[in-house]
S.K.: 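I'd like to ask you about the structure that follows.
Ligands are counted one by one from 1 in listed order, and the atoms in each one are counted from 1 as well. Given the structure is predicted, the values throughout are model-derived calculations rather than measurements.
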Amino acid sequence: MEGWQGWDQYAEFYDWENAKTVGRRDIRFWQRIAKESGGPVLELGCGTGRVSLPVARTLVRLVGIDRSHAMLSQAKRRVKRAGLGGGLLLLRGDIRALPFVSSSRFRLVMAPYGVLQSLLRDRELREVLTSVRDVLQPGGIFAIDLVPELPVWREYDRRVSLRGRRGAKSQISLVESVRQVPSRKLTIFDQEFIERRGRSRSSKRFSLAFRTLSVHQMTGRLRRAGFSVVQVAGDYRMGAWRPEAEVCLIVAKRKL
Ligand SMILES: C[S@@+](CC[C@H](N)C(=O)[O-])C[C@H]1O[C@@H](n2cnc3c(N)ncnc32)[C@H](O)[C@@H]1O
């Protein structure tokens with residue numbers, strides 16, 4: 001099992017589902033931090049552009065990178081619809097080996113919505129932290145959003161966890177199972193999206209796996225990779241971190 005798997009199959013449902021879950025609640029945070037940096041900004045795992053487009057609208061130059069062809073296709077469609085100009089570049093690539101020469105330096109690297117939790121092994125996290133350090137300007141910011149509650153999610157088997165309409169003719173249900181593998185710090189979601197249009201029914205099954213470190217473990221790995229940790233927050237207004245918080249934001253700085 002690999003953390004980058006499953007996203008191609010998920011792509012056509014990602015925006016539908018996330019409009020009902022995370023929505024836009026993190027967008028202002030990313031816009032603010034991107035504007036403060038002045039750009040250029042790199043977004044790790046830009047997916048369907050949920051964060052990239054609103055950040056690019058603030059006129060900060062942004063490069064988004066993602067391994068999933070299908071997620072990127074959704075993002076590119078959105079960019080075209082929005083008529084956004086040349087300040088936004090979307091690239092296919094793996095965040096474990098960023099495809100930039102050392103002269104392309106970013107002022108900010110963003111890791112929104114748990115993307116670092118798609119790295120299922122410590123070695124992979126180390127590779128990403130090293131790559132990020134190398135593409136950041138000295139003193140540049142690495143901002144990370146984690147979903148800390150995953151390890152305490154209750155396990156369940158084939159539960160209808162979402163149901164709703166998409167457009168006038170389509171009805172979608174998400175049937176989901178959750179498994180915990182504490183020995184590897186993994187939470188695995190087995191998902192089946194079932195779409196009904198009139199009398200026809202189609203379904204797509206895939207799994208997504210996430211690895212969740214404690215805040216202490218993550219900040220320790222950042223320090224060892226050459227970052228200083230500037231702030232750890234428990235909400236998008238930078239309120240204090242607490243273990244029961246729904247989000248964990250870590251702002252780190254590349255050492256000079
Ligand atoms: C939770 S989504 C986040 C998408 C977007 N940033 C957002 O906030 O809506 C995680 C994204 O990371 C991508 N991803 C996972 N592992 C990756 C890897 N090793 N290299 C590049 N992209 C990866 C997935 O394809 C997916 O689009």
S.K.: Verify the cluster assignment for Leu72 and Leu42: are they in a single hydrophobic cluster under the rule of side-chain heavy atoms below 4.5 Å apart?
M.R.: no
S.K.: With no hydrogens and no angle check, do the side chains of Ser131 and Asp134 hold a donor and an acceptor under 3.5 Å apart?
M.R.: no
S.K.: Does Leu119 form a side-chain contact (heavy atoms from CB on, under 4.5 Å) with Arg211? I'd like the steps, not just the answer.
M.R.: CA-CA 7 Å; Leu119 304 161; Arg211 178 172 183 259; over 6 Å; no
S.K.: Could you check if a side-chain atom of Asp145 sits within less than 4.5 angstrom of a side-chain atom of Trp30, using non-hydrogen atoms only?
M.R.: yes
S.K.: If you apply the rule side-chain contact (heavy atoms from CB on, under 4.5 Å), what do you find for Arg163 with Leu174, and how did you get there?
M.R.: CA-CA 6 Å; Arg163 183 179 275 149; Leu174 166 59; over 6 Å; no
S.K.: Using ring centroids (six-membered ring only for Trp), state whether Phe206 and Trp7 fall under 6.0 Å.
M.R.: no
S.K.: Using a 3.5 Å cut-off on N/O to N/O, what pairs does ligand 1 make with the protein? A line per pair would be great.
M.R.:
unit_1   : atom_1 : unit_2 : atom_2 : d
ligand 1 : 6 (N)  : Glu43  : OE2    : 3.0
ligand 1 : 6 (N)  : Gly45  : O      : 2.7
ligand 1 : 8 (O)  : Arg50  : NH2    : 2.9
ligand 1 : 9 (O)  : Tyr14  : OH     : 2.6
ligand 1 : 9 (O)  : Arg50  : NE     : 2.8
ligand 1 : 19 (N) : Asp94  : OD1    : 3.1
ligand 1 : 20 (N) : Ile95  : N      : 3.0
ligand 1 : 22 (N) : Arg67  : N      : 3.1
ligand 1 : 25 (O) : Asp66  : OD1    : 2.7
ligand 1 : 27 (O) : Asp66  : OD1    : 3.3
ligand 1 : 27 (O) : Asp66  : OD2    : 2.7

